[in-house]
Trainee: 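Take this structure, written in structure tokens, and hold onto it; I'll ask about it next.
Note that the structure is predicted; figures quoted are calculated from it, not measured. Order of the sequence lines fixes the chain letters, A, B, ..., with proteins taken first and strands second; residue numbering starts at 1 for each chain.
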Amino acid sequence: MATPRTTSELDSVALETELLSTWQDEKLFEATVENRAEGEPFIFLEGPPTANGKPGIHHVVARTYKDLVCRWKTMQGNFVERKGGWDTHGLPVEIEVQKRLDLMSNEAIEAFGMEEFNKECRESVWTYEAAWREMTERMAYWCDLDEPYVTLHNEFIESCWWALKQMFDKGLLYRGYKVLPYCPQTGTSYSSHEVALGYKEVEEPSVYVKFKLEDTNASILAWTTTPWTLPGNVGLAVGPDVEYVRVRVTATPEKWEGHGGAEIGEELILAKDLFKEVIRHHCEEVETFPGSDLIGRSYEPLFPGAVDRNGSESAWTVIGADWVTTTDGTGVVHTAVMYGEDDYNLGMEVGLPAQHTVAMDGSFLEGTHSELDGRYVKDCDETIIKLMHDSGLLYREKMYLHDYPHCWRTGHPLLYYAMDSWFVKMTAVKDKLLEFNSQVEWAPDWVGEGRFGEWLRNVKDWAISRERYWGTPLPVWICGECGKQHCVGSTEEMASMAKEGSPVAEDLHRPYVDDTILACPECGGDMKREPFVMDCWFDSGCASFAQWHHPFGEEGKFENNFPIDYICEGVDQTRGWFYTLLAVSTTVFDSICYKRCLSLGLILDAEGKKMSKSKGNIVDPWDHFNREGADATRWYMVTAGAPWNPLKFDPNGVRETYGKMFLTLWNIHRFHSDYAALDGFDPASSPRGNNTPLDNWVLSRLAEVVAGTTKQFEEWDFHKACRDIEEFVVNDVSNWYVRRSRRRLWDEADSDDKLACQHTLHTVLVTVSRLMAPVSPFMSDAIHRNLVGESVHMADWPEAGDVDSEIIETMALVRELAETGRRIRVDADRRQRLPCAEGWIVSGPDLSAFHEILAEELNVEIISLEKDLDRFQKIEVVPNRRSLGAKCRQDLPAVLQGIADGDSEAMLASIEAGNLVISGYEIGKDDIELRRIEREGFAAQTVQIADSSVSLVLDMSDSPELLSRGLARDITRRIQAARKDLDLAIEDTISLQVWMKDAPELYGEDSAWIINETRASSADFKIGEGQGESFEVDGATIWYSVSRS
RNA sequence: GCGCGGGUAGCUUAGUCGGCUGGAGCACCCGGCUGAUAACCGGGAGGUCGCAGGUUCAAGUCCUGCCUCGCGCACCA
């Protein structure tokens, strides 16, 4: 503790940047962590960002919530380590490089050279690292960026390999197909994110095709918008509970457009609901039946020989599927196993042959059909339609308008295509996932139950392989001789299994790792690596242990830091990182991964639109760091709303926060420290003085805020906590406590009262800075350092003191009365500076401790308590609706009317006698509330506080003494303004001249008061007209002249 | 289309178990106050509480449907 230094006007940017270098010199972050080395660990995990994009304001939001929780927990005594991390793999990195080097296909990349390409990727991921670091430091996100985990490091990759091997050993890793949107031009399949970029509305031919049943003379009608999938047809799906109809064609239609048609007498089957929409011919209904009757019936293949039966019993039969609907088409879904997700899943379920009819380059495979083989499928629509037409299998064609995904790079339509993939069998651990999820404390809880729970309930096997170049290589090798699959779990294992003479990759990336040939442990044959890399989400999903290079000799780091206590990211990570962390921990450790997860809302611009580069509505955090500072920016983001709600980022809001919260707080601090420095106040050694009720009140409010903040932080309501702190600082401390205490500190002698005030201000400021430190770490530290001599970030989280709720209520009433007094004056047209002789407070609690304050605020000579309530107040009976409503139900309006019409005094008497009956209901004490209101004819108003009513009455009479005092106040006010205009220091003295015309007499004691208040070394008061500045008050004209003496 | 979350004054927002006249802040207008900072106080104007039904003595609050915005899923035959 030490005497505070005086402070200057606020320059928040300078304050913050100076503190940053102080922190750096002191290695303060490290010190705050070490300071709690013996504390209970609170484990945080940083979700790794990618540094190949510029950091934006939304990253500042996420980092604020990460930071504030970690800082808060540290202050509470927890040991909180914060290791940084970088996500460095994945398609976005490749695409950046491809764009820059104009390598828009896999062929182009391979011609360029995979080794070179990956080198470019490796460099590209650091493009914005410096920008990230600067942002992180400037916003005071405390996180170890010097020893971060990096997903491209061999150590990290090795841990990922180890994890995958755990899955492999548990039989959770398998090879299969996954239907993905695929671009045959670039040879790439896309994630849903990228697909979303490329939806285009297109009009394409769709066709209704007849599938001839084998055991009866009828055809099932099915509809498709992708004629190119028809050669791959191996099944028809119907809804078992959907009603179908079999119709016979009786006459041709009047009009017909396009290909197709039907013969008279031909029989067709389709969903009854869709009959009218689809069938153009005149028909008679033969029979109706549920879809289940169709299941198992065989039909003739459209393109015989295009797909081999391959032993399948179910090929070219009707299959039941409950997802079939009758919203469009025919209620019959043409199923081509390899070209649709539902199709594929259904095919696997019932054992349809899984065979491609289309090659990876998008052309039909040889043997499909002589007119189609080798041609690009999208060019074959017309041919296929013609083939169908010619063989009488086409019923209709119809142009169909829909959104269809296109390659966002080349603009070509994507094909849903079954890709060779490796999967983690997440479906096998679904129950575990759900159970673990139920153990996570989600904020907000509905994300856990809703969005995330929904996702888990529909969990699919995780396709973790990608046919790409830049990523963690899939550590699975397959023997070319016997087909044995082996999953490598460490670099050592890879080296020990390497075939004699084979290179052993030192850098674990492609292409080096591709060259490592293993010797098959079964047959000794050559094993080659599966040429995939892993989904980069797998990398970050491994972060909880791979950051420590677990389990490769990291000395218990992992065991001590798992499971994680707290993670925090944007809600868009629900299906991303939130999921992959849980997916990996469930399959590898059979454990939850994190105990608490804060899911943040999206950040929008001030208009509520999503921020995006193309809209140009991106907010650059530096605009605010360099203007209002990081504190105001962070505080604004936290107080603007609940963390999980979308944040409309309004630059004016940051400005407002700065002006209101930080400027005010700074000036409170300045006010305190200036006097403390002047007086040599030392909180440790200066005598305490006797607290006034005002001191006790603000300390009680402080205790209330401490308790509230702690509770709200625990409940994730950071926004509420900070709004309360702000309210306290601005309203209670600045606008009331400091305003009411100014004169106490002006006292030049070391008075008891001044010391009490200084100790109080010290406590309030120190405690408030501790409460604010997690959210706004700069100003809180500057204040704390100045007052305590130590960084706030080394300090303990405050403990709430005793709350005297009586004094808080009393003060609320006092302030209400002060405001009421001004209202009375407005109504009575009496100016504030003209004192009233007397004011009466009628009923209510004892306010005598605050009579002095009230007298000053109200500008009355004497405040007295009026005991005779009836002198100024009368009683009003108001209904208690809650109680009456339960009693009277539908008769309530009549009863309310009865009470409103009744005479309050008479009703009260009846109630006390127990015989008040209104509209047939007996009205008791609980059914009403008593309210006292002021009688008419007085300058008075009544306020209701809690269950008491208090009236304030002001005496409006004048006297020469009062007029003199009022005049003195008005003159003083003008002279003080003049002093300010002259830019005089507070201790400067002035020469003063005053002329008064038509003014009331100014008494000697009042002119002396003016002289004292305005620090006049000489003063001259004259009657008559004068010169210089003048003003009028109540008919008098006053001239005055002020000069420095 | 399905799921989740929003829609309260020009803007930002509070509103508990359904209960007294829907509170604040910013901006605006009028007045007051001030050696008090980008301050403060009083008053005013500004509200179809997204719309329509329903339940209830009583709905911003509960129920149903719809509109609308955001997000996610599915856009599929």
Side-chain angles (χ1 to χ4, degrees), chain A residues 9-10 192 199 206 222-226 229 236-237 321 323-325 327-336 340-343 402-405 416 444 446-447 449-451 454-455 458 571-572 574-575 601-602 604 606 608-610 639-641 644-646 648 650 652-653 655-656 658-660 663-664 666-668 670-671 720 723 727 730-731 734-736 738-739 742 746 818-827 831-833 857 859 878-896 929 931 944 972-973 975-977 979-980 984-986 1013-1015:
Chain A
E9 236 172 77
L10 179 60
S192 56
Y199 273 99
S206 71
W223 180 65
T224 182
T225 55
T226 50
T229 61
L236 292 173
W323 43 264
V324 174
T325 62
T327 48
D328 48 19
T330 64
V332 180
V333 178
H334 138 68
T335 300
E341 197 178 345
D342 283 337
D343 306 45
H402 64 155
D403 283 338
Y404 193 84
Y416 283 92
W446 46 260
V447 168
E449 286 155 21
R451 186 175 288 203
E454 195 61 30
W455 170 251
N458 297 321
V571 68
D572 51 319
T574 311
R575 267 101 171 151
L602 232 83
L604 310 168
K609 294 205 177 71
K610 197 171 173 174
T639 49
W644 44 84
N645 282 341
K648 282 192 201 172
D650 183 0
N652 291 328
R655 193 86 196 138
E656 218 175 275
Y658 168 76
K660 196 161 179 142
L663 211 51
T664 305
W666 188 249
N667 282 313
I668 297 169
R670 217 176 134 193
F671 172 74
K720 290 185 184 169
R723 283 172 181 174
E727 170 76 14
V730 173
N731 198 25
S734 177
N735 291 341
W736 191 250
V738 171
R739 185 160 73 88
R742 252 165 217 283
W746 291 351
E819 288 168 15
T820 302
R822 290 186 203 118
R823 212 173 299 141
I824 294 171
R825 282 175 179 272
V826 168
D827 291 349
R831 65 183 214 274
Q832 183 71 28
R833 278 186 287 261
E857 284 289 321
N859 194 16
V878 288
N880 178 345
R881 284 163 195 259
R882 195 188 290 265
S883 150
L884 282 171
K887 184 189 278 186
C888 312
R889 318 297 294 176
Q890 62 274 16
D891 296 325
L892 184 68
V895 176
L896 292 179
E929 283 166 21
R931 187 170 292 176
Q944 315 289 336
T972 303
R973 144 92 185 107
I975 296 166
Q976 302 289 35
R979 283 186 59 114
K980 214 173 179 179
L984 298 185
I986 289 174
E1013 284 288 304
T1014 61
R1015 288 181 157 262

Trainee: Report the residues that fulfil salt bridge (charged side-chain N to carboxylate O under 4.0 Å, His left out) with A/Glu929, sequence neighbours left out, ordered by chain and then residue number.
Mentor: none

Trainee: Please state whether the phosphate of B/U37, meaning OP1 or OP2, lies under 4.0 angstrom from any side-chain nitrogen or oxygen of A/Thr664.
Mentor: no

Trainee: Please list, chain by chain and in numerical order, all residues satisfying salt bridge (charged side-chain N to carboxylate O under 4.0 Å, His left out) with A/Arg831, sequence neighbours excluded.
Mentor: A/Asp970, A/Asp1034

Trainee: With nearest nucleotides of RNA chain B determined for A/Ala985 and A/Val878 from heavy-atom distances, which residue corresponds to the more 5′ nucleotide?
Mentor: A/Val878

Trainee: Going by the rule salt bridge (charged side-chain N to carboxylate O under 4.0 Å, His left out), which residues pair with A/Glu449 if we only count those two or more places apart in sequence or in a different chain?
Mentor: none

Trainee: Expected output check: what is the dot-bracket annotation of RNA chain B, where ( ) and [ ] are pairs inside the strand (brackets for crossing ones), | is paired with another strand, and pairs are Watson-Crick or G-U under 3.5 Å?
Mentor: (((((((..((((.....[...)))).(((((.......))))).....(((((..]....))))))))))))....

Trainee: Just to verify, what does A/Thr225 make a side-chain contact (heavy atoms from CB on, under 4.5 Å) with, not counting sequence neighbours?
Mentor: A/Ser206, A/Trp223, A/Tyr400, A/His402

Trainee: Taking 4.0 Å as the cut-off, does a side-chain nitrogen or oxygen of A/Arg451 come that near to OP1 or OP2 on B/G3?
Mentor: no

Trainee: Can you list everything that forms a side-chain contact (heavy atoms from CB on, under 4.5 Å) with A/Asn652? Sequence neighbours excluded, please.
Mentor: A/Asp650

Trainee: Could you run down the sub-3.5 Å N/O contacts of the protein with nucleotides 17-19 of chain B?
Mentor:
{"unit_1": "B/C17", "atom_1": "O2", "unit_2": "A/Arg882", "atom_2": "NH1", "d": "3.4"}

Trainee: With sequence neighbours excluded, tell me which residues meet salt bridge (charged side-chain N to carboxylate O under 4.0 Å, His left out) with A/Arg451.
Mentor: none

Trainee: Using a cut-off of under 3.5 Å, enumerate the N/O to N/O pairs linking the protein to nucleotides 24-32 of chain B.
Mentor:
{"unit_1": "B/G25", "atom_1": "O3'", "unit_2": "A/Lys660", "atom_2": "NZ", "d": "3.4"}

Trainee: Apply side-chain contact (heavy atoms from CB on, under 4.5 Å) to A/Glu1013 and list each qualifying residue two or more places apart in sequence or on a separate chain.
Mentor: A/Arg743, A/Thr972, A/Gln976, A/Trp1009

Trainee: Output all residues satisfying ring pair (Phe, Tyr, Trp, His ring centres under 6.0 Å) with A/Phe671, sequence neighbours left out; order by chain, then residue number.
Mentor: A/Tyr675

Trainee: Taking side-chain contact (heavy atoms from CB on, under 4.5 Å) as the test, write out the residues that go with A/Arg973, two or more places apart.
Mentor: A/Arg833, A/Ala977

Trainee: Taking atom types as they are modelled, is there a donor-acceptor pair under 3.5 Å from the base of B/A14 to the side chain of A/Arg723?
Mentor: no

Trainee: Which of these nucleotides, B/A77, B/G5, B/G35, is closest to any side-chain atom of A/Trp746?
Mentor: B/G35

